[in-house]
Amino acid sequence: MKMKQTILALGLFASVLLCGCSTEFTPDSSEYFDAISKAQAIIVLPSDTSEVRETITGEKEIKNFMTALKPERWELQGIPAAARKTGLLRFVQEETRKLWQPGNSTGMYDVCSITVYDVPYIELEIAGTELPFKISRESSDYLKKYF
């Protein structure tokens, strides 16, 4: 899994470098859908507490969650200054167990995280890069149900 993270980070870095000469860099949110959808659990953390409110597991539930987010409609836009954070969604996946490692599991690691705001905006953090997106009102209302 570390290899996949490294490849993803290098790919993002190369994209930034290659697009650096152009006047505009607009990553397509669908590029991130594959990485996000590989998560095995989504941990819901409201801003006002450090306690986990809910953990979404199960392939079908995660797929339904991702469908409701409609990532194909996200637009790269800065978060308004007056926006307030309502919570954080941590997308986690179990580390790949190597043949030579003892035990059944090596633990979970973050694939990415999404900060949810009180306005229809989110901030996706993936491979050390933070990307602000404007999302649909429907997706925003769906996310607010978790917080």
Under the salt bridge (Lys or Arg N to Asp or Glu O under 4.0 Å) definition, can you give me all pairs with a residue in [range], not counting sequence neighbours?
| range | value |
| --- | --- |
| residues 39-48 | none |
| residues 130-139 | Arg73-Glu138 |
| residues 80-93 | Arg84-Asp118, Arg90-Asp110 |

In sequence, state the C-alpha distance, the side-chain angles, and the governing distance for Ile122 and Leu143, and then conclude on side-chain contact (heavy atoms from CB on, under 4.5 Å).
-> CA-CA 10 Å; Ile122 60 168; Leu143 289 174; 4.0 Å; yes

Does the side chain of Val44 come within less than 4.5 Å of Leu89's, by heavy atoms?
-> yes

Side chains of Pro132 and Tyr121: does their closest heavy-atom pair fall under 4.5 Å?
-> no

Go through the structure and list residues passing side chain to side chain contact (heavy atoms under 4.5 Å, CB included) with Val52, not counting sequence neighbours.
-> Ile43, Leu45, Thr55

Donor-acceptor pair, side chain of Thr86 and main chain of Pro46, under 3.5 angstrom | no

Could you give the distance from [atom1] ([X]) to [atom2] ([Y]), rounded to the nearest 0.5 Å?
| X | Y | atom1 | atom2 | result |
| --- | --- | --- | --- | --- |
| Glu125 | Leu88 | CD | CG | 8.5 Å |
| Ile135 | Tyr117 | CD1 | OH | 11.5 Å |
| Phe133 | Leu76 | CZ | CG | 5.5 Å |
| Ser113 | Ile42 | OG | CD1 | 12.0 Å |

How close do [X] and [Y] get, counting heavy atoms only, and between which atoms?
| X | Y | answer |
| --- | --- | --- |
| Ala68 | Ser139 | O-OG, 3.0 Å |
| Ala39 | Phe91 | CB-CB, 3.7 Å |
| Lys70 | Ser136 | CD-OG, 4.3 Å |
| Ser47 | Gly87 | OG-N, 3.1 Å |

Are Ile62 and Ile126 connected, step by step, through hydrophobic side chains (Ile, Leu, Val, Met, Phe, Trp, Tyr) whose heavy atoms are closer than 4.5 Å?
->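 In one cluster with Ile62: Ile126, yes.
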
Common cluster, Met66/Leu124, ILVMFWY with side-chain heavy-atom separation under 4.5 Å | yes

Which residues satisfy the ring-ring contact (aromatic ring centres under 6.0 Å, His included) test with Phe147, sequence neighbours excluded?
->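 Applying ring-ring contact (aromatic ring centres under 6.0 Å, His included) to Phe147 gives none.
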
ring-ring contact (aromatic ring centres under 6.0 Å, His included) partners of Phe65, counting only residues at least two apart =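 In terms of ring-ring contact (aromatic ring centres under 6.0 Å, His included), with neighbours along the sequence ignored, Phe65 is linked to Tyr142, Tyr146.
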
